[in-house]
Every structure is written in structure tokens, then in C-alpha cells.
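Working notes, beginning with the structure itself.
Since the model is a prediction, treat every value here as computed from it, not as a measurement. Within every chain, numbering begins at 1; the chains are lettered A, B, ... in the order of the sequence lines, protein sequences first and strands thereafter.
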There are 2 protein chains.
Amino acid sequence: MMELTRKGEYAIRGIIYLAQLPPGKVALISEIAEAAEVPQTFLAKILQSFAKIGLVKSFRGAGGGFTLGRSAEQITLREVVEAVEGPILPNRCLLGAGTCERDGTCGVHPVWREVQGKVVEVLDGVSIKELAARKK
Amino acid sequence: MMELTRKGEYAIRGIIYLAQLPPGKVALISEIAEAAEVPQTFLAKILQSFAKIGLVKSFRGAGGGFTLGRSAEQITLREVVEAVEGPILPNRCLLGAGTCERDGTCGVHPVWREVQGKVVEVLDGVSIKELAARKK
DNA sequence: TATAAAAGGACTAAAACGGTCCTAAAGGTG
DNA sequence: CACCTTTAGGACCGTTTTAGTCCTTTTATA
């Protein structure tokens with residue numbers, strides 16, 4: 001249960017690689033993919049989606065590539081995971097008010113809320129900077 | 001991320017219904033399915049698998065049906081969830097020693113361990129008895 | 001202009017999800 | 001014993017998600 005997908009793993013590895021680069025340096029997708037041991041075209045898709053939400057910056061053409069969109073200590077693991085896997089949500093019922101018709105009666109509800117809270121807390125407490133430092 | 005499947009939801013609803021029955025009473029699959037608002041044949045599969053691991057007891061033939069395999073306070077939410085969704089495992093790497101070749105180098109590892117620990121803690125802290133009582 | 005990237009879109013195979021249906025086996029009842 | 005009731009087991013199936021690939025287009029540099 002609760003497994004991170006490959007996509008999630010790849011995203012994390014890729015972004016950690018970017019965080020380990022000297023500040024300001026751009027990396028080619030081919031370089032990142034090789035270093036992070038991730039299929040290149042697949043990682044390209046992931047980083048492109050990250051570029052859209054500002055998590056990374058991308059530059060086209062010769063001399064182009066990717067950089068972090070912000071400094072590594074301002075990116076949490078949660079952000080990366082949610083960007084790729086969607087919100088942390090152990091049960092669909094937790095989505096919006098009224099989404100679950102069993103809302104009132106269901107006693108399991110608060111348990112899922114608690115799980116959600118704990119997971120978010122852990123993932124929010126870890127920045128990409130820390131992870132990049134650890135891995136080196 | 002981390003969503004419980006329908007199967008998981010159905011399993012929980014079904015077993016809570018069993019927990020709300022007067023002790024010793026057996027319930028027909030048709031009865032449980034209707035009460036829990038779950039497709040009957042699908043729930044049958046789930047409860048059959050539960051019978052194999054002793055989470056419920058089943059009786060065939062006229063007057064047959066299902067009961068809890070143990071008293072409701074001895075069944076945790078975690079057990080039910082894991083029975084149906086597999087172990088709580090935010091990352092495949094956490095499975096066995098040596099499963100993940102990045103084990104030593106990967107700094108994200110301990111974070112997943114922590115997530116796993118928190119979730120297990122929450123789910124282990126809730127018994128089916130409590131849930132059954134809340135819902136009534 | 002030629003070249004070097006990333007961006008976007010279409011496509012695909014395989015697995016997981018969410019079931020259904022049919023037959024078999026086991027246990028009561030007259 | 002025959003019949004009925006109820007779970008057990010297996011096969012099957014459509015849809016969605018996962019995990020990618022490939023090709024073309026756009027943008028930027030030299």
C-alpha cells in the first residue's frame with residue numbers, strides 16, 4: 001500500500017541531482033538522466049512538468065538545460081512528490097467537503113485525516129537541500 | 001498519492017458491519033453487501049481471502065455465513081488494510097534488505113522509513129471495535 | 001543558417017483495478 | 001438419500017494507470 005511510483009522516484013532522483021550542481025549551472029537532460037539512472041525521455045516529461053509549475057527552470061537551445069527553480073532549501077520533498085503523484089490523500093473521501101456521502105456516518109474518516117497529516121508533516125520537514133547533502 | 005483502493009474501503013466497511021453484529025451471529029454475504037453498500041460478488045472474494053488468514057470465519061450451507069475470526073478489539077485497522085492492500089510500504093526499497101541497490105547511498109530512504117512508521121502507528125492504534133462503535 | 005537543446009503530442013505494452021459469472025464443494029433438512 | 005442453501009474457486013473482462021518510446025516542433029545559440 002501507498003507506494004511511490006517510478007515516476008516519483010525518478011523525479012526525486014533528478015531533482016536531487018540538480019540540487020547537487022554548483023549554483024547557476026544548467027544540466028542537460030541527458031546528463032541528469034544518466035547520473036540519476038533514469039530513462040531519459042521519461043525524465044524529460046517529468047522535468048517539463050516541473051518547469052511549468054516553477055519547480056525547475058528550463059532553457060532551450062545550445063547551452064540550454066535545467067536548473068532548480070528555487071534554492072534547494074526552499075523545495076520540500078512533499079512538493080516534489082505531490083507535483084508528480086498528486087496530493088497526499090489516503091482516501092478519496094478526504095478530497096473536498098461533500099465528496100463523500102458517508103462523511104457524517106463514517107468513523108474511519110478521522111483516521112485517514114490523521115494519516116494524511118502525519119505523512120504531510122514528515123515530507124514537509126525534509127528539504128531537497130538536506131537530501132542532496134546526505135547523498136553526496 | 002497513497003490512495004486506498006475500493007477493495008480496501010469495501011473490506012473495512014464489511015468487517016465493521018460484522019463487528020456490529022451481536023456476538024456469535026453469522027451474516028450472509030448478501031446481507032453484509034447490502035448493508036455496507038458493496039458489490040456482493042466482489043465482497044465475497046474479499047471475505048473469502050479474509051477467511052483464509054483467520055480474520056473472519058466462514059460457514060457453508062444453510063444457516064451459514066460470516067463472523068469475525070476474533071473479537072473486534074483484537075483486530076486493528078492496519079491488519080484489515082494490509083490484508084487487502086499488502087504491507088504499508090511507501091517505497092519498494094523498504095521491502096527487504098538488499099532489495100534496493102541504492103540502499104547505502106540514497107538519502108531519501110530514511111524518510112520513507114519514517115513515513116511508514118507513522119502510518120503503521122496510526123493504523124495499529126485503531127481497532128475495529130472502536131470503528132464499529134463510532135459508526136453506530 | 002545550421003545546430004543544439006527542450007516542448008509537445010501521439011502512441012503503446014503491460015499491469016492493476018474493479019468487477020462479473022459459472023461451476024464446484026460443503027453443510028443442513030425433509 | 002435427495003435437495004436446498006451458502007461459501008469457495010477459477011476464468012474471464014472492460015477500463016484505467018503505469019511506464020515508457022518516438023517523432024515533430026519550437027526556441028535559442030553560434
Classify the nucleic acid contact of [X] as base, sugar-phosphate or nothing, counting any heavy atom under 4.0 Å across all strands shown.
X: B:L28; value: sugar-phosphate
X: B:T5; value: sugar-phosphate
X: B:K52; value: sugar-phosphate
X: B:I29; value: sugar-phosphate
X: A:T41; value: base

Round to a whole Å and report the spacing from [atom1] of [X] to [atom2] of [N].
X: A:Q40; N: C:dA5; atom1: CD; atom2: P; result: 11 Å
X: B:K7; N: D:dT15; atom1: NZ; atom2: P; result: 21 Å
X: A:K57; N: C:dA7; atom1: NZ; atom2: C1'; result: 19 Å
X: B:L43; N: D:dA8; atom1: CG; atom2: C1'; result: 14 Å
X: A:R6; N: C:dA15; atom1: CZ; atom2: C1'; result: 12 Å
X: A:Q48; N: D:dC23; atom1: CD; atom2: P; result: 17 Å
X: B:R60; N: D:dT5; atom1: CZ; atom2: C1'; result: 12 Å
X: B:E85; N: C:dA16; atom1: CD; atom2: P; result: 13 Å

Sorted by position of nearest nucleotide on DNA chain D, 5' first, the leading residue of A:A62 and A:G8 is A:G8

Is B:E9 paired with A:R92 through a side-chain N to carboxylate O contact shorter than 4.0 Å?
yes

Going by heavy atoms in the side chains, are A:R134 and B:V111 under 4.5 Å from each other?
yes

So if I take every side-chain heavy atom of [X] and compare against [options], which nucleotide ends up nearest?
X: B:F42; options: C:dA4, C:dG19, D:dA8; value: C:dG19
X: B:Y10; options: D:dT7, D:dG20, C:dG19; value: C:dG19
X: B:S58; options: D:dA19, D:dT7, C:dG19; value: D:dT7

Heavy atoms of A:L43 and A:Y10 approach each other most closely as CD1-O, 4.0 Å

Given the structure, check if the side chain of B:K45 and the base of C:dG18 hold any donor-acceptor pair shorter than 3.5 Å.
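Flag unset: no donor-acceptor pair detected.
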
Of B:G63 and A:F59, the one whose nearest nucleotide on DNA chain C sits closer to the 5' end is A:F59

Is there a donor-acceptor contact under 3.5 Å from the side chain of A:Q116 to the main chain of A:P90?
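Such a contact is absent between A:Q116 side chain and A:P90 backbone.
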
Does a side chain donor of either A:Q48 or A:S58 reach within less than 3.5 Å of an acceptor in the other side chain?
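No donor-acceptor contact under 3.5 Å links the two side chains.
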
